[in-house]
Amino acid sequence: MQALSPSTPNNLKSLVRPAPARAWMGGRAVRCAFRSDPVYFPNGVGHSHADWQSSCAILSSKVLSLEQPAGKSGHPDRVADRVDPNLVPIETKDSPAPSVPAPAPQTPKPISLFKITPVPVHDSQLRVAYQGVPGAYAEAAAEKAYPNFEAIPCDQLEAALQAVELRIADRAVLPVENSLVGSTPGNYDLLLRHRLHVVGEVQMPVHHCLLALPGTRLKCLSRVISHPQALWQCEHTIRRLAPQATREAVNDTAGAAEFIAENGLQHVAAIASARTAELYGLQVLANGIQDDCSNMTRFLMLAREPIIPRTGRPSKSSIMFAPIEGEGAAVLFKVLPAFAFRNINLTKIESRPHWKRPIRLVDDANGRTVKHFEYMFHLDFQASMAEVRAQNALTEVQEYTSFLRVLGSYPMDMTPWSPPPPMSSVDSD
Ligand SMILES: O=C(O)C(=O)Cc1ccccc1
């Protein structure tokens, strides 16, 4: 699933009938091109070369190296230029990319915001950035979406998103929600702060294990470390298996396992995948420790350019909008019928603190000034922006909102569900 870039052949460009649409992002109207009727893709024009250079300059001031690549030259988006028959081509004004990064270390080391090192580009591989070290669930999600991918591990989500913006990676993986604990706080807000588009979703069954140095006994554990989501997802089981252990949150599940292995930490366990145990030489103390066996996490795939999935196959679109000031939740009475009357299913709706103005001061009837929370709304619906009904729904939504952004339109993950194995542990005393 790739967007087309400036190197798209002209015969494909002719499929596109640009029609101007306006969407608001930070008070700025943005035009974008699409197939038939208006689609609202803020910043749908991609990055200019000048943007790339200035971003590099900002980063390299803190850094060690952000060298221009030696070796292969060419467009790093080569893979992304190939045409996916499931997509409607989109014209972009993306400028020529910088030349390609140079050789990388043998084992992928996480990219940090302060240390961006060049990585190699292989013709047939999409470079996918994710938070964590090898073995993280986000890496497995990347593999499901792009089986031939090249992993770009990053120490923070912010670094993964920046890696795509800076063309060090082609995609970033963003965990957004879990069937047990709900949305991952802040991750949709992260999308608002970056000029990336959702181009795919992956739903992954998450089967957690408790990992420790070989020979560790459950009853001797003093500490369990993992990603906060993993700790929440296993809260009850951990309390039962190792009630004496304290919990500690770290950046990612596999990073927790690596930390135990590298430092030879006794009496400490990590919550991570079974594959992670193999990668870092740890023992699986218990398998399937998530509190609900149908535990599932949803990841979004982000790219510099938007895609528009063809009609006729199951697709989703994600938007965020803010009410006109003072209208608050009343906006939902107007927005929801725009979808309902067009038979568009909503799959998710959520309120978030307004990213720029979370609190509003209001004078009450007694002349006192009180604080009101201001919200934005995030909504997923089951239609592609290639569909006229989706375009019309958004035209209507736009009338009731002060801010509307299409985060992306993407094929739905239709993987059939298969039952997970039951929990087991080596040492239940
Ligand atoms: O830390 C990881 O491995 C991640 O990819 C984030 C995460 C954590 C817990 C469940 C799903 C994803």
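Note that ligands are numbered from 1 as they come in the structure, with each ligand's atoms numbered from 1 the same way.
If you check which protein heavy atom lies closest to atom 11 (C) of ligand 1, you get Thr297 OG1, 3.6 Å. Scanning the protein heavy atoms around atom 5 (O) of ligand 1, the nearest turns out to be Ala138 N, 2.8 Å. Looking from atom 2 (C) of ligand 1 to the surrounding protein, the closest heavy atom is Thr253 OG1, 3.3 Å.
The distance from ligand 1 to the heavy atoms of His227 drops below 4.0 Å at these ligand atoms: 1 (O), 6 (C), 8 (C). Listed by number with element, the atoms of ligand 1 under 4.0 angstrom from any heavy atom of Ala136 are 3 (O).
Between His208 and ligand 1, not a single N/O pair is under 3.5 Å apart.
Distance check: Glu158 CD to Gln131 CD gives 10.5 Å after rounding to the nearest 0.5 Å.
Between the side chain of Ser294 and the main chain of Asp292, no donor-acceptor pair closer than 3.5 Å is present.
Taking the six-membered ring where tryptophan is involved, the planes of Phe339 and Phe381 are tilted, since the angle between them lies from 30° to 60°.
Remark: Asp291 does not engage Arg240 in a salt bridge, criterion side-chain N to carboxylate O under 4.0 Å.
Residues His354 and Tyr375 place their aromatic rings such that the two centres sit no closer than 6.0 Å.
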